[in-house]
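Below is one structure, written out as structure tokens; comments come after it.
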Amino acid sequence: MPGEEARAREIVTRLSAGTATSDEVFAAFEELDRLPAEVVRQALEPWTGPAPDVERLDDTMRRLHRLPPRTPALETLASVRDADVLDLGPVAEAQLRIAGKTWDGQDLEPEERLDGERDDSFAGTLERRVLGEGGRPLFDVMLFGEGSGVIFAADRTDVAGVLVDHRVEMRDRAARTALEQALTRAPSIPAPVSVSEAITLRRPTTQLELELTPTPEPEPEPEPEPTAKPKKKAAAAPKKKATTAKKKTAAAAAPKKKTKAAAEAEAEAAPPAKKKAAAKKTTAKKKTSAKKKAAD
């Protein structure tokens, strides 16, 4: 081993100097290929820098460098048991039918596989798990019996592998390791509400419950804020019209100025009336004087 390390460092030193010919370069790499990979990696590190973290390479870079696929970190995204599987739709029902056929070769309806009175029933042991990475579903696993199951591609009926005695059997080594690690862990998601529980939660409230339930008092409505009265912009205009109307009324009621001729005509007709009035006054004075004398 020490000799291999020294030989790897010698070859790398000659390559890094840049003086080797093309034939010597090819011969050096052929010799490095015959040495252990870890020894060559340590010898190349001072020249090329530390090797990248293989686990951080994506699948495309892994294929380019002929590296094995990355082991995904699978987690349980959903878990449904027994009869609730029938509420997941036609894909889940088809997966259950295929899983039963791989179990005993019988092509039975999904409802028959959950009939507790049958010997080949999955009732009480059936569980469908959705496994994925980063919230993206990758596999649907139908588990039944004691450590048995069938692995499907997510939301499809393509069989990707099987589970026998808690061991995953499939071609993809990285996926196999990830599935075994995920299936050995208990689901960390909250248990879904079953159909019976959902019916109980949605049942109508009885009259007795309505009577026993206190009715919340309504909150007082906030008093409306006083609004400012709008100002009358055209208040001056009506006043002017009223003043004008008053002036017209006063002008109509005022006596008209008499002409000189009309005044003279009225003066000629007025004296008799004034004389009568004067005569009446004189008579009244005489009667008053006579009464005073009689009284004396």
Salt-bridge contact [X]-[Y] (side-chain N to carboxylate O under 4.0 Å):
| X | Y | answer |
| --- | --- | --- |
| Asp82 | Arg128 | no |
| Glu38 | Arg41 | yes |
| Arg118 | Asp120 | yes |

Connected via hydrophobic side-chain network under 4.5 Å: [X] and [Y]:
| X | Y | result |
| --- | --- | --- |
| Leu108 | Val159 | no |
| Val12 | Val25 | yes |
| Leu44 | Leu35 | yes |

Compare every heavy atom of [Y] with every heavy atom of [X], then report the nearest pair and how far apart it is.
| X | Y | value |
| --- | --- | --- |
| Ala174 | Pro72 | O-CD, 4.0 Å |
| Ala123 | Gly116 | CB-CA, 4.2 Å |
| Glu111 | Leu86 | CG-CD1, 4.2 Å |
| Phe139 | Ala160 | CE2-CB, 4.4 Å |

*Would you check, one step at a time, whether the test salt bridge (charged side-chain N to carboxylate O under 4.0 Å, His left out) holds for Arg156 with Asp158?*
CA-CA 6 Å; Arg156 297 174 63 181; Asp158 300 336; 2.3 Å; yes

_Test side-chain contact (heavy atoms from CB on, under 4.5 Å) applied to Glu127 and Val80, step by step_ = CA-CA 6 Å; Glu127 180 185 4; Val80 179; over 6 Å; no

Let me confirm one number: the [atom1]-[atom2] distance from [X] to [Y], rounded to the nearest 0.5 Å.
| X | Y | atom1 | atom2 | answer |
| --- | --- | --- | --- | --- |
| Glu4 | Arg9 | CD | CZ | 12.0 Å |
| Thr184 | Glu180 | OG1 | CD | 8.0 Å |
| Leu183 | Leu74 | CG | CG | 8.5 Å |
| Lys101 | Asp107 | NZ | CG | 5.0 Å |
| Phe26 | Glu31 | CZ | CD | 15.5 Å |
| Arg167 | Arg176 | CZ | CZ | 8.5 Å |

With side chains defined as the heavy atoms from C-beta onward, is the minimum distance between [X] and [Y] less than 4.5 Å?
| X | Y | answer |
| --- | --- | --- |
| Thr102 | Val162 | no |
| Arg81 | Thr125 | no |
| Leu114 | Glu112 | no |
| Ile11 | Phe29 | no |
| Trp47 | Leu15 | yes |
| Ser121 | Arg113 | no |
| Asp140 | Arg129 | no |
| Arg63 | Thr60 | yes |

*More than 12 non-hydrogen atoms from neighbouring residues, nucleotides or ligands closer than 6.0 Å to CZ on Arg14, yes or no?*
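Yes, CZ of Arg14 has more than 12 neighbouring heavy atoms, counting only those of other groups under 6.0 Å.
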
*Exceeds 12 heavy-atom contacts within 6.0 angstrom, atom CG of Asp104*: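 Enclosed.
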
*Establish, from distance only, whether the side-chain atoms of Gln95 and Thr157 form a donor-acceptor pair under 3.5 Å.*
no

*Look at the aromatic rings of Phe144 and Trp103 and report parallel, tilted or perpendicular, splitting at 30° and 60°.*
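Ring orientation of Phe144 relative to Trp103: perpendicular.
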
_Working note: Val141 + Phe152, criterion side-chain contact (heavy atoms from CB on, under 4.5 Å); need CA distance, chi angles, decisive distance, verdict._
CA-CA 6 Å; Val141 183; Phe152 300 90; over 6 Å; no

*Report the C-alpha separation of Glu10 and Arg7 in whole Å, then their side-chain angles, then the decisive distance to 0.1 Å, and conclude whether the salt bridge (charged side-chain N to carboxylate O under 4.0 Å, His left out) test is met.*
CA-CA 5 Å; Glu10 181 182 350; Arg7 180 57 182 167; 3.4 Å; yes

*Before giving the answer on side-chain contact (heavy atoms from CB on, under 4.5 Å), spell out for Glu133 and Glu75 the whole-Å C-alpha distance, their side-chain angles and the decisive distance to 0.1 Å.*
CA-CA 6 Å; Glu133 184 181 22; Glu75 58 182 353; over 6 Å; no

*Please name the residue in the list Leu138, Ile151, Leu77, Thr76 that meets the side chain to side chain contact (heavy atoms under 4.5 Å, CB included) test with Leu131.*
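Only one of Leu138, Ile151, Leu77, Thr76 forms a side chain to side chain contact (heavy atoms under 4.5 Å, CB included) with Leu131, namely Thr76.
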
*Is there a side-chain contact (heavy atoms from CB on, under 4.5 Å) between Ile98 and Met142 once you walk through the steps?*
CA-CA 10 Å; Ile98 295 172; Met142 282 287 183; over 6 Å; no

